[in-house]
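So the structure is just underneath, and the comments pick up after that.
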Number of protein chains: 2
Amino acid sequence: MSRTKSPPAKQKSAADGQSTKGPEGGRTSRRSSGSVTLEDVAKLAGVSPITVSRVLNRPELVTQETLDYVRSVIARTGYVPNLLAGGLASRKSRLVAAIVPTIANSMFAEGIETLTERLRAAGYQVLLGLSGFPTASEEQLIGAVLSRRPDAVFLTGITHSTQTRQRLLAAKIPVVETWDLTPTPIDMVVGFSHEKVGRTVAEYLWAKGYRRFGMVCADDTRALLRRRTFIEALAPYGITDVPTAIAGTPTSLKRGRDGLIELLSMTERPDAIVCSSDVLAHGVLTEARARGLSVPRDMAVMGFGDLEYAPYTIPALSTVRIDRRGIGQRAAEAMLARFNGEPVQQVVDVGFEIVEREST
Amino acid sequence: MSRTKSPPAKQKSAADGQSTKGPEGGRTSRRSSGSVTLEDVAKLAGVSPITVSRVLNRPELVTQETLDYVRSVIARTGYVPNLLAGGLASRKSRLVAAIVPTIANSMFAEGIETLTERLRAAGYQVLLGLSGFPTASEEQLIGAVLSRRPDAVFLTGITHSTQTRQRLLAAKIPVVETWDLTPTPIDMVVGFSHEKVGRTVAEYLWAKGYRRFGMVCADDTRALLRRRTFIEALAPYGITDVPTAIAGTPTSLKRGRDGLIELLSMTERPDAIVCSSDVLAHGVLTEARARGLSVPRDMAVMGFGDLEYAPYTIPALSTVRIDRRGIGQRAAEAMLARFNGEPVQQVVDVGFEIVEREST
DNA sequence: CCGATCGATGATAGCGTTATCATTCGACCC
DNA sequence: GGGTCGAATGATAACGCTATCATCGATCGG
């Protein structure tokens, strides 16, 4: 506890004698911002700037005494570190970019929430990029985002232009592709197999005895992929045609209702309707009710996602459970592991699960 | 068109003679990152760094000829500007922080989407902060966010701690509070009056002839505010008691169903149920159906928000329309106006509108 | 025909941090 | 008892960009 040097005594006087960045300090800089800098804190505390930096970032290297005193000065001055400067010097921005088509439906939003929260707890923040708007290509978005020098990138899907891949590769940072699976990710991938989902749903419904199928499917890469394997899996059973109403994106309850209307107008009533999302399924359920159709007696309905409300619709919606938050969490963990130089799994399959409720 | 100086000729040779940052260039820096910098581009193009900077940021100051050539070098080298460095030097981060409780329901998510998209088009990006997680106080979030030196901040709500207000004020940047209204914003506010919503809904339902009211209300500042004025507005009519089921946040269809169950267990069946969100209302509608209650004959249901599905539920949901995307848009516009030094309205009321459908 | 003006470009000096190496000083070991 | 080591702190020089002022011709009005 007893130390020769006594920082507190020293700076108290310094603190009193010199106000924060007045015009008195030698020559006035023509660019200074007026806000408190690390150097100001250092002067007031009577230590070198690097010590203040250590107090903030590597406190274990600093004496308890110095630590306490510098911290008190920081509190007193209301110093807010400048992470632009810190990031420039350390080449670590503590920023993670997340690129998703949309956050306006909980499909992706929950994963982003979990990602954001996990990363925040570790001192990172999330830069949001929306690729679903037609005005911004993923290409441009990547450029804008990389100029912030993020420490990692979260991507939705596995289909990216060659240029996008190259730029991400060139950035030499962890990249996590999500919501799908591939043996050849840019870097890492956290998702599940849409092909498998399609096949599993087909087998499930076939086993339940359904024979005439219809689909309400979003106009979306992954949804269409599930549709393809769903149909392929039924081929061996002699099913050659699965009438499909293509709903636009973003999916909505209305589009689900419209999808069923369209489907029923183009074909005899199927005995099972497979939807590419719970939202669409909810719409199908609603439209079925409006038409006096009983689900599942007249027609079964299958969703995808297992959103919050799936168990609470009438009838309760059978669906495919996806661990949406798990995707965000695994992605965050993979990034953090990489930051720490720990080994990571390149391909993480979060799987899925058929959830049978009342609608099938 | 004819110029004495011929940049193209000059640098072509330079480009060929000197590869990007090899070990040959004098003394090797001990910290260089290896990625292409603005200086590299400048050398290759045979111009000064500042000219390259101008090509990127103020192209109108540069000759077409120089512009074209420098751009070709940028493309050839795959140069990605470093906005950390740029932000540090220019004191403009081109970053906007958005703090919302959650993005997992479209209430806030759509506004954030619109904000993000509008700002992106103007060269700004959005840093996402989630205040809804109990592990992170808004206080801490503000600190983390301000250390990025954002050019503006988007906040949800108007209730913030004194310290939060002070720190935001001290940052001297545009701050837009949203989703509520106050005559004394930190800086600007874009929202609507919850008090007025409560009163308006009360008058509307009273005028429709409803007399026994119940509420399913989220445990949320603004929802509770609407509830208060709703009840106050009914007092003159002799209504002294409005049984309320308080639903937790985040709201969900399940919580709406549970809310109705709770409400019906605590009181005689009201003839109108007012819900603090469409999600809850949807749950109430669902539970009513499960109990064989006819809406609105046995019981009217009123929502809040006018989410996408409100017109498509059965019966179609009467609700209060809020221009959710408009809030994001106005906020973005206010920020951009401030960046350009244009005058802005401190208080923007986006209003609301009762939407009468079938459920009332 | 000359000073004023303007357009294009450049030199210099930061912006606020942290990486890296250096220094100091007491403890400790053989 | 002298050399070694390690803990704590500091000096210096980047990090990659832009603000600011300077420079250099060309243009132009009187």
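Each chain gets a letter, A, B and so on, in the order the sequences are listed, and its residues count up from 1. Just so it is clear, the values below take in all heavy atoms, side chains as well, and ignore hydrogens, waters and symmetry mates.
Between the CZ atom of R58(A) and the P atom of dG10(D) there is a distance of 16 Å, given to the nearest Å. Atom-to-atom, CG of L84(B) to C1' of dT18(D) comes out at 14 Å; the value is rounded to the nearest Å. In this structure, the CZ atom of R94(A) is 21 Å from the P atom of dG16(C), given to the nearest Å. Note: CG (L83(A)) to P (dC15(C)) measures 19 Å, nearest angstrom. dA13(D) atom P lies 18 Å from atom CG of L88(A), rounded to whole Å. Nucleotide dA19(D) holds its C1' atom 12 Å from the CG atom of N57(B), rounded to whole Å. Rounded to an integer number of Å, the gap from CZ of R54(B) to P of dT18(D) is 11 Å. The CG atom of L56(B) sits 13 Å away from the P atom of dA19(D) (whole-angstrom rounding).
Checking I50(B) against V52(A), the closest nucleotide of DNA chain C that is more toward the 5' end is the one next to I50(B).
Between dC15(C) and N82(A), no contact under 4.0 Å exists linking OP1 or OP2 to a side-chain N or O. Within the structure, a side-chain polar atom (N or O) of T63(B) is placed less than 4.0 Å from OP1 or OP2 of dT9(C). Under 4.0 angstrom from either OP1 or OP2 of dG10(C) there lies at least one side-chain N or O belonging to T51(B). T37(B) has no side-chain polar atom (N or O) that falls below the 4.0 Å cut-off from OP1 or OP2 of dC15(D). For the pair S53(B) and dT18(D), the criterion of a side-chain N or O lying under 4.0 Å from OP1 or OP2 is met. Taking only side-chain nitrogens and oxygens, S48(B) never comes nearer than 4.0 Å to OP1 or OP2 of dT9(C). For R91(B), no side-chain nitrogen or oxygen approaches OP1 or OP2 of dG14(C) to under 4.0 Å. Using a 4.0 Å cut-off, some side-chain N or O of T66(A) falls inside it from OP1 or OP2 of dT9(D).
Each of dC17(D), dA19(C), dT18(C) was ranked by its minimum atom distance to the side chain of L38(B); first place goes to dC17(D). In this structure, the nucleotide among dT17(C), dA19(C), dG10(D) sitting nearest to the side chain of A85(A) is dT17(C). Checking dC21(D), dG16(D), dA19(C) against the side-chain heavy atoms of A89(B) singles out dG16(D) as nearest.
Screening V175(A), L155(A), I158(A) for a side-chain contact (heavy atoms from CB on, under 4.5 Å) with V189(A), the sole residue that qualifies is I158(A). None of I112(A), L115(A), L127(A) except one satisfies the side-chain contact (heavy atoms from CB on, under 4.5 Å) rule with L128(B); the exception is I112(A).
Sorted by first and then second residue, the salt bridge (Lys or Arg N to Asp or Glu O under 4.0 Å) pairs with a member in residues 152-174 of chain A form an empty list; sequence neighbours excluded. Each ring pair (Phe, Tyr, Trp, His ring centres under 6.0 Å) pair with one or both residues in residues 136-155 of chain B, not counting sequence neighbours, would appear here, but there are none.
One N or O on the side chain of D151(A) and one on the backbone of R94(A) form a donor-acceptor pair closer than 3.5 Å.
One axis for each end of the helix from dC1(C)-dG30(D) to dC30(C)-dG1(D), each built from five base pairs, and the angle between them comes to 30° at 10° resolution.
A 4.5 Å side-chain heavy-atom check between V100(A) and L130(A) finds at least one atom pair inside the cut-off.
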- request: Start with the C-alpha gap between S131(A) and T156(A), add the side-chain angles, then the distance that decides, and say whether side chain to side chain contact (heavy atoms under 4.5 Å, CB included) holds.
  value: CA-CA 9 Å; S131(A) 58; T156(A) 310; 5.9 Å; no
- prompt: Please walk me through it: do L95(A) and R149(A) pass side chain to side chain contact (heavy atoms under 4.5 Å, CB included)?
  reply: CA-CA 8 Å; L95(A) 217 47; R149(A) 297 295 188 267; over 6 Å; no
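Residue-to-nucleotide contacts include no donor-acceptor pair under 3.5 Å from the side chain of R149(B) to the base of dG16(C).
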